[in-house]
Amino acid sequence: MTWLIGLFASPERAEAIAGDLEEEFRSRAADHGRLSARWWYVRQTLMTIPNLVIGQLRATPFAILGFGVVAVLMFNAIVGSLEWSAERVVTHYPVYHHVTAAVFWSVISAVEIYGTPVATGWITARIARDRAVTSLVVMGILVTAWVFAYMVIWAPSGVLRGLSLSEVIPRVLLRTVEAVGLMVAGAAAAHVSRSRRLSIG
Amino acid sequence: MATDYLGSLEHIVMLGLMRLGDDAYGVSVRQEIETRTGREVSIGAIYATLDRLEDKGYVRSRTGEPTQERGGRAKRHFQVTAKGVAAVNRTHAAMGAMAAGLKIARSVS
């Protein structure tokens with residue numbers, strides 16, 4: 001679980017924390033057994049993450065917000081480029097002679113839904129390093145709050161397309177959690193790949 | 001700032017650092033607090049507090065040598081500065097002034 005701490009702390013801080021956890025884990029394993037020590041280790045790691053997130057938010061709130069905004073802009077730019085490219089391909093090449101329109105657009109849609117958030121998370125992690133995950137989660141919360149507020153305010157003017165708020169809100173929430181989750185997975189993958197490269201180098 | 005008092009965890013961590021002296025690092029501070037106060041604190045909370053105290057100039061840190069029992073990872077040692085000692089004294093003085101004459105404060109403990 002040490003990699004989890006690396007997602008929220010600088011390499012130097014992550015090393016000190018991981019070292020402390022390992023030292024105490026070994027001492028507890030010798031005194032109380034491995035199972036108890038392992039439980040303590042998992043609990044300590046999970047208790048540590050909120051402290052690291054709050055610490056980052058206190059220390060660099062504008063950077064966290066800035067990286068989050070960059071991530072949202074990047075996400076929209078990638079989605080826009082993908083859709084634009086797909087339409088150009090369909091216009092200029094006889095794609096439908098090789099695959100049906102349904103298959104083609106399903107693939108594009110899958111790349112948009114799953115590939116784009118992962119790519120956004122990956123790139124954000126390359127830019128924001130140990131602040132990427134906090135930035136993505138904070139931005140996810142803010143975007144969700146904004147979408148909910150927008151829907152509640154504009155519900156009477158038909159923005160929900162005939163659906164009720166109680167039907168729309170769980171869908172939006174699920175979609176946001178899914179997108180943020182995939183972004184965090186992309187950021188985690190970038191972090192693990194970077195750590196491996198550093199340790200090999 | 002002369003009116004800057006320590007928060008409760010900051011205060012406890014500073015006292016822990018003073019007690020431990022040269023042996024103050026994440027594990028020892030965490031265990032010292034747990035042993036003396038019975039309060040379980042996460043290592044993340046300790047580091048978040050230490051970072052805040054370091055930003056204020058109340059503590060300074062140095063990286064030690066990597067050791068085997070830490071999986072080859074280095075310790076980060078902490079030490080209270082003169083400015084930190086002044087902050088502890090200031091906080092104690094404020095606490096003492098607020099508690100002075102309050103019999104109830106003693107009867108609770």
Side-chain angles (χ1 to χ4, degrees), chain A residues 1-32 34 36-61 63-64 130-131 133-134 195-196 198-200, chain B residues 4 6-13 16-17 20 22-79:
Chain A
M1 288 182 86
T2 309
W3 64 273
L4 207 56
I5 290 167
L7 290 179
F8 301 92
S10 65
E12 301 76 34
R13 169 111 48 93
E15 178 173 323
I17 294 175
D20 283 352
L21 286 172
E22 178 144 356
E23 184 184 327
E24 219 172 331
F25 167 78
R26 286 185 190 207
S27 147
R28 279 174 184 263
D31 293 344
H32 309 289
R34 283 189 74 81
S36 158
R38 190 159 288 281
W39 167 239
W40 175 88
Y41 184 90
V42 170
R43 204 157 44 89
Q44 272 288 325
T45 306
L46 296 179
M47 279 163 70
T48 289
I49 289 166
N51 294 120
L52 295 176
V53 170
I54 292 166
Q56 284 185 331
L57 283 169
R58 270 185 175 168
T60 54
I64 298 281
D130 53 284
R131 284 176 288 195
V133 175
T134 305
S195 306
R196 278 209 187 130
L198 286 175
S199 65
I200 290 166
Chain B
D4 187 18
L6 297 167
S8 72
L9 188 57
E10 287 178 343
H11 195 177
I12 289 172
V13 168
L17 292 178
L20 292 161
D22 289 341
D23 193 34
Y25 68 105
V27 172
S28 62
V29 174
R30 206 194 74 73
Q31 287 177 343
E32 183 76 6
I33 292 172
E34 205 168 289
T35 308
R36 290 192 173 271
T37 67
R39 173 178 175 180
E40 193 189 4
V41 191
S42 79
I43 201 77
I46 299 288
Y47 274 93
T49 308
L50 286 167
D51 284 339
R52 218 161 47 240
L53 292 169
E54 197 166 14
D55 287 344
K56 290 178 183 176
Y58 295 164
V59 302
R60 59 171 161 259
S61 68
R62 63 178 172 84
T63 305
E65 292 297 313
T67 58
Q68 203 178 355
E69 74 268 18
R70 297 170 60 83
R73 298 182 184 95
K75 278 181 192 172
R76 196 169 152 203
H77 294 274
F78 294 88
Q79 197 178 17

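To find a chain, count down the sequence lines: A is the first, B the second, and so on, and within it residues start at 1. Just so it is clear, the structure is predicted and the values come from calculations on it, not from any experiment.
Heavy-atom pairs under 4.5 Å with chain B peak, among L52(A), I17(A), L46(A), at I17(A). With respect to chain A, the highest number of heavy-atom pairs below 4.5 Å among G64(B), G44(B), S42(B) belongs to S42(B). When each of A18(A), P50(A), G55(A) is scored by its heavy-atom pairs under 4.5 Å with chain B, the top score falls to A18(A). The most heavy-atom pairs under 4.5 Å with chain B, out of R58(A), E24(A), Q56(A), M47(A), come from E24(A). Taking chain A as the reference chain and counting heavy-atom pairs below 4.5 Å, the highest number among S28(B), A48(B), G71(B) is found for G71(B).
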Applying side-chain contact (heavy atoms from CB on, under 4.5 Å) to D20(A) and Y25(B), what does each step give before you reach the verdict? CA-CA 8 Å; D20(A) 283 352; Y25(B) 68 105; 3.6 Å; yes
Criterion side-chain contact (heavy atoms from CB on, under 4.5 Å) on E12(A) and R76(B), from CA distance to verdict: CA-CA 9 Å; E12(A) 301 76 34; R76(B) 196 169 152 203; over 6 Å; no
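Counting heavy atoms of neighbouring residues, nucleotides and ligands inside a 6.0 Å radius, atom CZ of R43(A) exceeds 12 of them. Around CG of D31(A), the count of heavy atoms belonging to other residues, nucleotides or ligands within 6.0 Å exceeds 12.
A side-chain donor-acceptor contact under 3.5 Å links Q44(A) to the backbone of I43(B). At distances below 3.5 Å, at least one donor-acceptor pair connects side-chain atoms of E15(A) with backbone N or O atoms of A74(B).
At a threshold of 4.0 Å, the pair E23(A)-R70(B) counts as salt-bridged, since one of the basic side-chain nitrogens sits closer than that to a carboxylate oxygen.
With a 4.5 Å cut-off on non-hydrogen atoms, Q68(B) touches chain A through its backbone but not through its side chain.
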